[in-house]
Structure formats: structure tokens, C-alpha cells
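This report concerns only the one structure given below.
As the structure lists them, so they are numbered: ligands from 1, and atoms in each ligand from 1. Heads up: numbering here begins at 1 and tracks the sequence.
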Amino acid sequence: MELDIAKESERITANCSRDSSNLIPILQEAQGKFGYLPAEAMQKFARFLKLPESTVFGVSTFYAQFKLAPTGRNKITVCRGTACHVRGGVRILREVERQLGIKPGETTNDMENTLETIACFGSCALAPVMVVDKNVYGRMTTTRVAQILGKTK
Ligand code: FES
């Protein structure tokens with residue numbers, strides 16, 4: 001069921017004061033509700049808080065937690081940190097890109113998978129590391145990529 005962005009945005013601000021310090025909590029709630037920050041919602045929040053739209057947009061692009069476009073059902077994250085890099089992390093990333101047909105920051109057309117990279121998962125002993133949603137896969141090989149992506153279908 002598709003959410004009515006205008007209605008849901010009003011619901012999000014219904015219990016808030018028009019204090020600009022509410023911007024981040026409002027954006028967090030919207031992100032949780034929509035899975036991303038639709039432009040229409042950001043315009044409504046700007047009007048509600050009496051802030052320039054550029055301020056709301058600037059905050060939403062500054063924090064990595066906020067997405068400006070819908071993301072896929074599964075989030076695939078490949079580590080680009082040093083430990084993973086020296087143990088073949090780039091090959092893992094290239095294989096994921098090849099199998100999904102997308103680059104980091106992109107989502108497959110069927111909205112199933114979004115590919116992202118990270119600077120370090122903090123699991124360097126398991127390098128190279130790939131995470132699918134909340135599942136961590138360590139000591140990755142290119143042959144395991146297909147098996148793991150197959151489980152997301
Ligand atoms: S460098 Fe990849 S987990 Fe730390």
C-alpha cells in the first residue's frame with residue numbers, strides 16, 4: 001500500500017512545536033515512515049518549521065542516515081576499508097556490481113537490492129566483509145557472492 005506523503009508528513013509534525021531543533025527528529029521519523037525523505041515531505045517540514053527548503057535539504061544530505069531516494073528491500077553493503085581492500089574487497093564489490101547490475105548508491109529496478117559501501121565495519125579480522133541487511137559475511141570470496149545474493153530472493 002502506498003503512503004500518502006502529504007498526509008503522513010502532517011501526521012509526523014502534528015505533535016511537534018515549530019522549533020527548528022525538531023528538524024532532525026522529524027526527518028528521522030519521516031525516514032522511518034517512508035524509507036527515504038521524499039521532496040514533498042521535506043518541503044512540508046520546511047514550511048512547518050519556517051526554515052528555508054535549502055536548510056532542510058542541506059541537513060538531509062549531510063547525514064548518511066538519510067536517503068533521498070527509495071531504497072531496495074535488501075541492503076547490501078561491501079566494506080572498502082584497508083583490511084578488506086588488501087584481502088580482495090574490491091573483487092567482492094565488482095562481483096556484487098556485476099551480479100546486480102548496479103553501482104554503489106544505486107538500487108535495482110525491481111527495488112529488491114540497494115548496494116552501498118562502508119569505510120569499515122569494525123570486523124577487520126573477518127576481511128573481506130560484506131553485510132546483507134543485518135547478516136555479516138566474513139572472509140568473502142567471489143564464488144560466495146552468488147550464494148549469498150541468492151538467499152535474498
Ligand atoms: S576494513 Fe573492512 S571491516 Fe574493517
- [ ] May I ask you to test the V56-Q43 pair for a side-chain heavy-atom distance under 4.5 Å?
- [x] no
Open item on the list: Contact between ligand 1 and S123 is defined here as a heavy atom of the residue under 4.0 Å from a ligand atom; is it met?
Closed with: yes
Open item on the list: Under 2.8 Å from atom 2 (Fe) of ligand 1, is there any N, O or S atom belonging to H85?
Closed with: no
- [ ] Using a 4.5 Å cut-off on heavy atoms from C-beta on, say whether the side chain of Q31 contacts that of K67.
- [x] yes
Task: Residue portion contacting ligand 1 (non-hydrogen atoms closer than 4.0 Å) for C79 - done: side chain
Task: D19 versus S17, side-chain donor and acceptor atoms under 3.5 Å - done: no
Task: Heavy atom of the protein closest to atom 3 (S) of ligand 1 (residue, atom name, distance) - done: F121 N, 3.4 Å
- [ ] Identify, by atom number and element, the atoms of ligand 1 in contact range of G81, meaning under 4.0 Å from any of its heavy atoms.
- [x] 1 (S)
TODO: May I ask you to test the E116-I76 pair for a side-chain heavy-atom distance under 4.5 Å?
DONE: no
Open item on the list: Within the structure provided, determine whether V131 and Y137 are in side-chain contact (heavy-atom separation under 4.5 Å).
Closed with: no
Open item on the list: With heavy-atom distances below 4.0 Å as the criterion, list the atoms of ligand 1 near C120.
Closed with: 1 (S), 3 (S), 4 (Fe)
Task: Check: T107/T114 side-chain N/O donor and acceptor closer than 3.5 Å - done: yes
Open item on the list: Could you tell me, atom by atom, which parts of ligand 1 come under 4.0 Å of a heavy atom of A83?
Closed with: 1 (S)
